[in-house]
Q: 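Please see the structure below; I have some questions.
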Amino acid sequence: MKMSEPRRMHPIAALLSGLRALREMLLPLTILFISSVFRGDMNEGKDLLWRLGSAGVIVVGTLLWGILVWSRYRYSVEEGELRVEHGVLIKKRNFIAKQRIQTVDFTEPLLHRLFGVVKVTVETAGGEKPEAMLTAVTREEAERLKQELMFNRNTNADIVSEEEMKTDAKVRAEVEPDFTYQLPVKQLVIYGATSGGLGVVLSLFAAGFSQISDVLPYERIFAFFNHFVISALLILAFLVLLVAWFLGVAGVMLKYGGFTLTKTGDKLLITRGWLERRQLTVSINRVQAVRITEGLLRQPFGLVTVQVDTAGYGAAKGETTVLFPLLRRNEAIMMIERVLPGFCVQTDLQPLPRRAAGYYMLRWVMIALVAYLAIFLWTTDPWRYGIFLLILPAVLFGWLQYRAGGFAIHGHKTLVLRSRCIARTTSFIPRRRIQFAYLRRMPWQRLARLTSYVAVIVSGKSGAKLAVHHIEETDGQHLYDWIRTDRKREE
Amino acid sequence: MDKNETFWQRIDRRAPRVWRLVNGIVSAVLWLAVAGGVVLHLMAGMPRIIVWLLAAGALLHLVIEVFILPERSWRRWRYFIGEDEIHLRYGVLIVKQTVIPMVRVQHVDTKQGPFLRRYGLASVTFSTAAGSHEIPALSVEIADEVRDVIARLARVSDEDV
């Protein structure tokens, strides 16, 4: 069959859109049904029959509606455009030029996998939502469509006959990808186990606490509480945290199971997910920045995650795409080099000035003090003085953030920033990807001649800020001046 | 930045007046709310503390936003349209200095709300792929000139994001 002939999706799409319509109607229907039950006389057989009958009519109706939607949905690739025609009541035609198409991505939710079909999402650079969505087509058809839309831009689909298509597809299938990476199962398990950073810390904390609880003289402190009740509560809290953590790990493993990254030409293809399988495409020339993230639990083991910011991709602000879920720190740069050559540079970062440390720590101490003030106003328990000990973690965390901070300029091309929110993140930003940059000085920073530097890049549908706080004013000015487009040097 | 100090431009001297007018209207609304609070206190027995808090808030807003900030903010505001980039510097407490490479500018506009129009002023807005910036309150002639200059200098860019 020629690509240029208008085609329908896989018939399963009819069922799927019918089911979707049914699901949307489920809530109002249930409410209606329950309210009618409460009104009474359910036991009259005739009434029951009538009710079930009407429910049946609705179900059959929505399924018929699904068939109608499916039969009206036609797509084709003609004259270098993807043409979609759909709509039951209002007919819509959507023509998308191949050149404008950024990505053709596949998703396979559980139901789709049962039937061996995939959902295809076509996205362009602009626009808020996917430009076109095929709810269900066979895998072969999806692959063919993708080839046609993304890699076959210059040939005219009209002239290519079916035979040629087939041989073409074969030839293309034989083209080896330049690079393939698969996440080993062992790494996946580690990735999952270290993913819920805070959850694990909390559950360990709770575990430790439940041990101490036997030693502490609870009866005296909480005279009004039963020791047994407290212990039971703590154990329960511990169990809840443990289960939450376990579910989190399972969720991450299902999401990233079977993670595969391949590079073909200037496209990166990511496939992942055990239950719902997703396939997404990243155009290398739209990558704006690379981030190497070291989570709290991963950093001690020298493990990192590699993410990229991509223009016009991802739903939310600053949403990044995971390129490598788990790598060793020392192999990360090498692996990135194979996928995004010349993007990351190995360079020593300049640490922050010593007097910046105080600012980092002071910030957390202030937050802690506000929390204490609230506690002091709220309770008169003598126990509250113990909370002052928590000022130590605040100082420690400020210190860790200070230690993480750093920056470097590599020649005329790359800016490297490192900072810690909770995880330590090292960002690599090509100079030409910086949309704008600013220096920000707080009054107390001005006293110490310190400044914050922020570079703003495109990420997803809007911008992402990459910052390093409390650097020397002169260094900030240096970074600021570096952005200037020096045309002579660039040409 | 210091070596270019002479190139930095101020925004129009009438800017504080516009800001004061706009914030004054907001303040009037706040004081109306305070009056409403007093009425509620007398008629419906709303606690007096709420009225005091409202009044304190309105007073704070009046002093800061109407009397202090407009003038200070004008005094700090600078812009500088260079050959290859635009610089902005503003902020009373938190001073922000922004550089926008000319090649990143996608779109430039002048805008004039009813308040700016009253004083014969306009603002220049220009956008990049990651967000937009504004030079507020320039006289209409200067705003048009600035817009045209940016449009001319930014046109050389044909780079994709």
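Chain identifiers are assigned alphabetically (A, B, ...) following the order of the sequence lines, protein sequences preceding nucleic acid strands; residue numbering begins at 1 within each chain.
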Q: Provide the closest heavy-atom pair for P443(A) versus L93(B) in the form atom of the first, atom of the second, distance.
A: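 Heavy-atom minimum between the residues: CD-O, 3.3 Å.
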
Q: State the OG1-CG distance between T98(B) and L439(A), to the nearest 0.5 angstrom.
A: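 Atom-to-atom, T98(B):OG1 and L439(A):CG are 8.5 Å apart.
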
Q: Which residues pass the salt bridge (charged side-chain N to carboxylate O under 4.0 Å, His left out) test with R446(A), not counting sequence neighbours?
A: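 With sequence neighbours excluded, R446(A) shows a salt bridge (charged side-chain N to carboxylate O under 4.0 Å, His left out) to no residue whatsoever.
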
Q: Return yes when atom CZ of R72(B) has more than 12 non-hydrogen atoms of other residues, nucleotides or ligands closer than 6.0 Å, and no otherwise.
A: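 No, because the 6.0 Å sphere around CZ of R72(B) holds 12 heavy atoms or fewer from other groups.
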
Q: Look at atom CZ of R118(B) and say whether more than 12 heavy atoms of other residues, nucleotides or ligands are closer to it than 6.0 Å.
A: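 For R118(B), atom CZ is not crowded (no more than 12 foreign heavy atoms under 6.0 Å).
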
Q: Within the structure provided, determine whether K96(B) and R441(A) are in side-chain contact (heavy-atom separation under 4.5 Å).
A: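 Counting from C-beta outward, K96(B) and R441(A) never come under 4.5 Å.
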
Q: Please confirm whether the backbone N or O of I434(A) pairs with a side-chain atom of R104(B), one donor and one acceptor, at under 3.5 Å?
A: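 Yes, R104(B) side chain to I434(A) backbone: donor-acceptor pair under 3.5 Å.
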
Q: Taking the side chain as C-beta and beyond, is there a heavy-atom pair between I94(B) and R440(A) under 4.5 Å?
A: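 With C-beta onward as the side chain, the pair touches.
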
Q: Test H133(B) against Y438(A) for ring pair (Phe, Tyr, Trp, His ring centres under 6.0 Å), laying out the working first.
A: CA-CA 12 Å; H133(B) 302 269; Y438(A) 57 86; 8.4 Å; no

Q: Who pairs with D144(B) by salt bridge (charged side-chain N to carboxylate O under 4.0 Å, His left out), at least two apart in sequence or on another chain?
A: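 For D144(B), the residues satisfying salt bridge (charged side-chain N to carboxylate O under 4.0 Å, His left out) (neighbours in sequence not counted) are R147(B).
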
Q: Between V99(B), T128(B), V95(B), which residue shows the highest count of heavy-atom pairs closer than 4.5 Å to chain A?
A: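 Result: the option with the highest number of such pairs is V99(B).
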
Q: Could you check, using the six-membered ring where one of them is a Trp, whether H87(B) and F436(A) have ring centers closer than 6.0 angstrom?
A: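 Not under 6.0 Å, so no.
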
Q: Might you point out which heavy atoms bring G463(A) and A130(B) nearest each other, and give the distance in Å?
A: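 Taking every non-hydrogen atom into account, CA-CB, 3.9 Å.
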
Q: Is it the case that over 12 heavy atoms from other parts of the model lie below 6.0 angstrom from the CZ atom of R355(A)?
A: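 Counting other residues, nucleotides and ligands, CZ of R355(A) exceeds 12 neighbours.
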
Q: Which distance, rounded to the nearest 0.5 Å, do you find between the CD of Q435(A) and the OG of S127(B)?
A: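 One gets 10.0 Å once the value is rounded to the nearest 0.5 Å.
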
